[in-house]
There are 2 protein chains.
Amino acid sequence: MTNKAVAMLRARALTVTVDLAIFTVRQHELQTLLVRRGNEPFRGVLALPGGFVRPGEGLDDAAVRELSEETGVNGRKLHLEQLQAYGAPDRDPRGRVITVAYLALGHGLPAPQAGTDAQAADWIPVASALSSNVRLAFDHEAILRDALERARSKLEYTTVAAAFCPEPFTVADLRHVYEAVWAAPLDPSNFRRKVTRATGFIVPTGQFRTPEIGRPAPLYRRGNSQVLFPPLLRSVA
Amino acid sequence: MTNKAVAMLRARALTVTVDLAIFTVRQHELQTLLVRRGNEPFRGVLALPGGFVRPGEGLDDAAVRELSEETGVNGRKLHLEQLQAYGAPDRDPRGRVITVAYLALGHGLPAPQAGTDAQAADWIPVASALSSNVRLAFDHEAILRDALERARSKLEYTTVAAAFCPEPFTVADLRHVYEAVWAAPLDPSNFRRKVTRATGFIVPTGQFRTPEIGRPAPLYRRGNSQVLFPPLLRSVA
DNA sequence: CCAAAAGTGTTGCGTCTACACCCATGG
DNA sequence: CCATGGGTGTAGACGCAACACTTTTGG
């Protein structure tokens, strides 16, 4: 088999990249990491960080590597999940390139480092990145929109929101995450009840944090649960 | 740019396939289409239908083509959506092959035709395909499990269940779909209320179908809505 | 009349929203 | 004492599971 099979594989070879939609919450606002491309095509245009999948490298491994190259953060400490593959034949002017998009959620991410392929990288509010007067390279705007929608719905029925919060955190910190990602205000009382009732979402540390003004808030850390039951639904408005 | 860029693409070339988890409901049971492989590797082993993505062919186009080659059905008439990409480096013994998995849902699918790469193809109950005494080629068992879970949750908050029903259909037909996919019985009364209250899920035709025994049932066709509100949740049991 | 399937009513339970109210702290 | 944010109580609306009950057909 081998010779014939390998020859068949070669004849059908394409190129595969990974692209990352990395979200974080800063100043009560959802932001994403974008790079300004240093090479053609789309030189000088904003794009999602990403790069080629290396031979012998798994897709998840490639995503972790790119994440670490672009942000200096160990990707295994962040929430990282595959979004989906994008493979329109004309999505890359260089030829046939399929990309596998990933969604990463983190907190306290450092000022990004410019990689080999990127002149500069910086955190940009997602709302700005998706506004009509910003153009993104390739089909990255569509990817970013899909990633945002995925993140929004994941907050409903999983506990990933805690990935945005540096430990230890308060219930209000967590609420600010929901408010930033959903771009909607939430009732503090009811939010608190739901979040504390759901088992395994957050666990109290016994410590408190005293704000500049007001009653001290209990501190929590992330629990074991991945799923959130009952779910925290967005209002239908 | 072109020469250098193209050379770079070539150097990093991989192979990409699409694989299809095609579901249908027959005899009140969820079934999937599997082929018995005619070539190495995994010759004689059951596998999901699929094949190589051709140069210049979009991923969705490749999925539609494979679907039509394997089932003879025009894929654009079925519900077809991408699941995700699978790219573990050792998932194919021939070398580096990434696959993009698709989920297809249909009704009245014909007896399948054996393709070039498949000795035979047939509908198999999903429960059997996932049972411990059936082995699937490559990582297709994991893909099939993911596809099943996706289909199950899609039934909750979208109207895709109607894709399983040949038009016109009764409320009981639709309920049998939910019961087959979720592998759980549902209360006919409450199911009927939810399904008819949700706007745009099913619309009455005015016709009736008289069963061998019992009161005639109104016939419906699919509505316009893609999303199902309020959602039809699985019981937590 | 009976069996079977379609369809309606009703009750009880739980959850959510909205908002009033109390608690703990710094100034 | 006040302002501010943390935290609890509660009433009304709503949704849903469970199940009794009625309707419509063929035999």
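All heavy atoms count here, side chains included; hydrogens, waters and symmetry mates do not. Naming: A, B, ... by sequence-line order, numbering from 1 per chain.
Below 30°, between 30° and 60°, or above 60°: for B:F138 and B:H140 the angle between ring planes is between 30° and 60°, a tilted geometry.
Checked against side-chain hydrogen bond (donor to acceptor under 3.5 Å, both in side chains), A:E29 has the following partners two or more places apart in sequence or in another chain: A:Q31. By the side-chain contact (heavy atoms from CB on, under 4.5 Å) test, A:T210 pairs with A:P216, sequence neighbours left out.
Of the possible polar contacts, none joining the A:T32 side chain to the A:W123 backbone as a donor-acceptor pair under 3.5 Å is found. Of the possible donor and acceptor atoms, one in the side chain of B:W182 sits under 3.5 Å from a partner among the backbone N and O of B:R152. With hydrogens and angles disregarded, no donor-acceptor distance shorter than 3.5 Å links the side chain of A:T158 to the backbone of A:L155. For the pair B:R222 (side chain) and B:G200 (backbone), a donor-acceptor distance under 3.5 Å is absent. With hydrogens and angles disregarded, no donor-acceptor distance shorter than 3.5 Å links the side chain of B:T170 to the backbone of B:L219.
Here the C1' atom of nucleotide C:dA18 and the CG atom of A:L186 are 14 Å apart, to the nearest Å. In this structure, B:D187 places its CG atom 12 Å from C1' of C:dG7, rounding to the nearest Å. In this structure, B:F191 atom CZ and C:dA5 atom P are separated by 16 Å, rounded to whole Å. Following rounding to the nearest Å, B:L219 (CG) and D:dT25 (C1') show an atom-to-atom distance of 15 Å. Protein atom CZ of B:R175 is 14 Å distant from nucleotide atom P of D:dA17, rounded to whole Å. In this structure, A:R234 atom CZ and C:dC16 atom P are separated by 16 Å, rounded to whole Å.
If B:P218 and A:L233 are placed on DNA chain C by their nearest nucleotide, the residue sitting closer to the 5' end is B:P218.
Counting non-hydrogen atoms of neighbouring residues, nucleotides and ligands closer than 6.0 angstrom, the CD atom of A:Q226 reaches no more than 12 such neighbours.
If you check residues 194-205 of chain A against DNA chain C, the residues with a heavy atom closer than 4.0 Å are A:K194, A:R197, listed by number. Scanning residues 207-215 of chain A for heavy-atom distances under 4.0 Å to DNA chain D yields A:I213, A:G214, A:R215.
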Is there any protein nitrogen or oxygen under 3.5 Å from a nitrogen or oxygen in nucleotides 8-12 of chain C, and what are the pairs?
residue, atom, partner, partner atom, Å
C:dT8, OP2, B:R192, NH1, 3.2
C:dT8, O4, B:S189, OG, 3.1
C:dG9, N7, B:R193, NH1, 3.2
C:dG9, O6, B:R193, NH2, 2.8

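Judged as a salt bridge (Lys or Arg N to Asp or Glu O under 4.0 Å), not a single pair has a partner in residues 193-204 of chain B (not counting sequence neighbours).
Screening B:L174, B:T196, B:V227 for a side-chain contact (heavy atoms from CB on, under 4.5 Å) involving B:F201 leaves a single residue, B:L174.
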